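As structure tokens, the structure follows; a few thoughts come after it.
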Amino acid sequence: MQHYNPAITYLKALGIILMVIGHSGTEQHVKDFIYMFHMPLFFFASGFCFKDKHLSSPKLYVQNKLKSIWWPYVKWGLLFLLLHNLLFHLNVYNDQYGYKESVSHLYDLSEFRHIAYVIVFKMQGAEQLLGGYWFLNALFFGSIIAWITIRYIRSPLSGGIILLCVCTILNKTCYRLPFFELQTQAFSAALLIVIGYAFAKFKIKPFNNWQIVLVLILTLVGSFFRNNMEMALVSYSNKIFAPYLLIATLATWCFYSLFEKMNTAQGTCTIILNYIGKNTLTILTWHFLTFKIVSLVIISIYDLPIARLAEFPVIYEYAEQGWWMAYFCVAITTCCGLSYCNGWIKNNWLKL
């Protein structure tokens, strides 16, 4: 039986913190380093926590994934969809600014119906403010693919090689699986889950200090050759795909090894990491919207047109001047505050 592992919670906290920093408009070289491993980290952690008992109970496993991944995607996806036109009128979306060249428009009833269908049945089509929800799609389908691989291939090594070959073929052909339109992203997520499972199953030893330093240097060097490689893409270049996954795995294990040394430590840092690590979904869901608080402040201070509130995810012109730190701090503190209030209401009001 697997017990609670604080190091995994700290690892997830690090991943979500780095995700928010990466979205906040920080310097490009910092972003390049972060994107080498911050999302692969989550898939690895999922595999590390995989329980063998699920291999004999597929129904229970799928039900768990529906409850923990599919339902949050659908719940928040539909809510943000329903709010789309209201947010458009509030300039959170508009037809002048958006993500790069992608701007928005008011939805009519047919668009609402179509997008709702895609959200429920394909786990796609989430609103721009839920742009990070590609991760839930990849985690859900990656988890199912990983379960099949672990259950029927038996050997994590053989299963990993097969998944790597599938990813290579999909990268080359850009083929989409019918209906769910799955591409390399889901299978690479499955590969990382299987790798995480193998690390736990074979009880791989944490890195020692000099190995940690060596991997951090390797990750830094690799970041200069990242060439825009990131897990958020649906397919990748085969030239850098395998090296990227290797460095991402080593970097993830590097930070896990650091957190293993903190397992017995008690202090403010571990308390904060523990809390953030247990509320990653809340931060993933709300951080883009909380960025708008800082954008409003920037608009007010620099007398910018209110239409620039729709710049996504941040107003880069000012974020790159140091405002990224405000975006980061406001997002983390506000999301954690929302989580705390939600927990307090459940524990004090809903029990009355």
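Throughout, numbering of the chain's residues begins at 1 and tracks the sequence. Every value quoted in this text rests on a predicted model; they were computed, and no experiment measured them.
Of the possible donor and acceptor atoms, one in the side chain of Gln185 sits under 3.5 Å from a partner among the backbone N and O of Ala232. Ser24 places a side-chain N or O within donor-acceptor distance of the main-chain N or O of Ile21, the cut-off being under 3.5 Å. Within the 3.5 Å criterion, the main-chain N or O of Leu86 finds no donor-acceptor partner in the side chain of Tyr93. Side-chain N or O atoms of Trp70 include none that pairs as donor or acceptor with a backbone N or O of Met123 at under 3.5 Å. Formation of a donor-acceptor pair under 3.5 Å by the Tyr256 side chain with backbone atoms of Phe207 is not found in this model. Between the side chain of Thr270 and the backbone N or O of Gly267, at least one donor-acceptor pair lies under 3.5 Å. At least one donor-acceptor pair closer than 3.5 Å links the side chain of Asn171 to the backbone N or O of Tyr236. Asn347 contributes a side-chain N or O that, together with a main-chain N or O of Gly343, makes up a donor-acceptor pair within less than 3.5 Å. At least one donor-acceptor pair under 3.5 Å links the side chain of Gln124 to the backbone N or O of Phe180. For Thr290 (side chain) and His287 (main-chain N/O), a donor-acceptor pair under 3.5 Å exists by modelled atom type.
Shown here is Phe179, whose CZ atom has more than 12 heavy atoms of other residues, nucleotides or ligands within 6.0 Å. Crowding of Tyr275 atom OH: a count of heavy atoms from other residues, nucleotides or ligands under 6.0 Å exceeding 12. For Lys239, the NZ atom counts as loosely surrounded, since its 6.0 Å shell holds 12 or fewer non-hydrogen atoms of other residues, nucleotides or ligands. Atom NZ of Lys122 has more than 12 neighbouring heavy atoms from other residues, nucleotides or ligands inside a 6.0 Å radius. Crowding of His114 atom NE2: a count of heavy atoms from other residues, nucleotides or ligands under 6.0 Å not exceeding 12. Within 6.0 Å of OH on Tyr302 lie more than 12 heavy atoms contributed by other residues, nucleotides or ligands.
Between Val194 and Ile145 the shortest side-chain heavy-atom distance does not fall below 4.5 Å. With contacts defined as side-chain heavy-atom distances shorter than 4.5 Å, the pair Ser188/Phe241 qualifies. Side-chain atoms of Pro243 and Leu246, non-hydrogen and from C-beta on, never get closer than 4.5 Å to each other. You'll find the side chain of Phe259 reaches within 4.5 Å of the side chain of Leu14, heavy atoms only. Residues Lys172 and Ile169 have side chains not in contact (no heavy-atom distance under 4.5 Å, counting atoms from C-beta outward). No side-chain heavy atom of Met39 sits less than 4.5 Å from a side-chain heavy atom of Glu230. Put simply, the side chain of Val234 does not reach to within 4.5 Å of the side chain of Trp134, judged on heavy atoms. Residues Phe224 and Asp32 fail the side-chain proximity criterion, which asks for heavy atoms closer than 4.5 Å.
With 3.5 Å as the limit, one finds no donor-acceptor pair spanning the side chains of Tyr35 and Ser223. Side chains of Tyr244 and Asn227: no donor on one and acceptor on the other come within 3.5 Å. Checked by atom type, the side-chain pair Glu111/His84 shows no donor-acceptor distance below 3.5 Å.
Linking ILVMFWY residues whenever their side-chain heavy atoms come closer than 4.5 Å, directly or via other members, leaves Trp71 and Leu60 in distinct clusters. Note: the hydrophobic cluster containing Ile301 also contains Tyr318 (ILVMFWY, side chain heavy atoms under 4.5 Å, direct or indirect links). In this structure, Ile162 is not a member of the same hydrophobic cluster as Leu157, with clusters built from ILVMFWY side-chain heavy atoms closer than 4.5 Å. Grouping the Ile, Leu, Val, Met, Phe, Trp and Tyr side chains by contacts below 4.5 angstrom, directly or via other members, places Val92 apart from Val103. Linking Ile, Leu, Val, Met, Phe, Trp and Tyr residues whenever their side-chain heavy atoms come within less than 4.5 Å places Ile293 and Leu296 in a single cluster.
Here the OG1 atom belonging to Thr280 is positioned 11.0 Å from the CD1 atom belonging to Ile17, to the nearest 0.5 angstrom. To the nearest 0.5 Å, atoms CZ (Arg113) and CG (Asp108) are separated by 8.5 Å. Interatomic distance, Thr184 OG1 to Leu170 CG, rounded to the nearest 0.5 Å: 4.5 Å. Taken to the nearest 0.5 Å, the CZ atom of Phe141 stands 10.0 Å off from the CG atom of Leu177. Here the CG atom belonging to Leu233 is positioned 9.5 Å from the CE atom belonging to Met231, to the nearest 0.5 angstrom.
The six-membered or imidazole ring of Trp286 lies near that of Phe80, with a centre-to-centre distance under 6.0 Å.
Each of Tyr133, Trp76, Tyr73 was evaluated against Thr285; a single residue qualifies, Tyr133, per the side chain to side chain donor-acceptor pair (under 3.5 Å) test. Checked against Leu309 for a side-chain contact (heavy atoms from CB on, under 4.5 Å), the options Leu90, Ile299, Asn94, Leu304 give a single hit: Ile299.
The minimum heavy-atom distance between Met262 and Tyr10, with the atom names listed, is O-CE1, 4.2 Å. Nearest heavy atoms, Thr249 versus Leu192: OG1-CD2, 4.0 Å. Closest heavy-atom contact between Pro156 and Ala198: CB-CB, 3.8 Å. Listed here is the closest heavy atom pair of Gly25 and Tyr316: CA-CE2, 3.8 Å. Among all heavy-atom pairs drawn from Cys335 and Ile283, the shortest one is CB-CG1, 3.8 Å. Nearest heavy atom pair, residue Glu311 against residue Tyr97, reads CG-CD2, 3.6 Å.
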Practice task
Begin from the C-alpha positions of Phe44 and Phe199 and carry the test side-chain contact (heavy atoms from CB on, under 4.5 Å) through to its verdict.
Solution key: CA-CA 9 Å; Phe44 179 97; Phe199 269 64; 3.7 Å; yes

Practice task
Would you sort out whether Phe42 and Leu139 count as a side-chain contact (heavy atoms from CB on, under 4.5 Å), showing the intermediate values?
Solution key: CA-CA 9 Å; Phe42 286 102; Leu139 182 61; over 6 Å; no

Exercise for the section: For side-chain contact (heavy atoms from CB on, under 4.5 Å), just list the numbers for Val314 and Trp324, CA-CA rounded to whole Å, side-chain angles, deciding distance to a tenth of an Å, and then say yes or no. Expected result: CA-CA 8 Å; Val314 298; Trp324 72 266; over 6 Å; no

Practice task
Before giving the answer on side-chain contact (heavy atoms from CB on, under 4.5 Å), spell out for Asn208 and Gln211 the whole-Å C-alpha distance, their side-chain angles and the decisive distance to 0.1 Å.
Solution key: CA-CA 5 Å; Asn208 57 35; Gln211 289 171 325; 3.1 Å; yes

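The pair Glu317-Arg308 meets the salt-bridge criterion, with a side-chain N (NZ, NE, NH1 or NH2) lying under 4.0 Å from an Asp/Glu carboxylate O.
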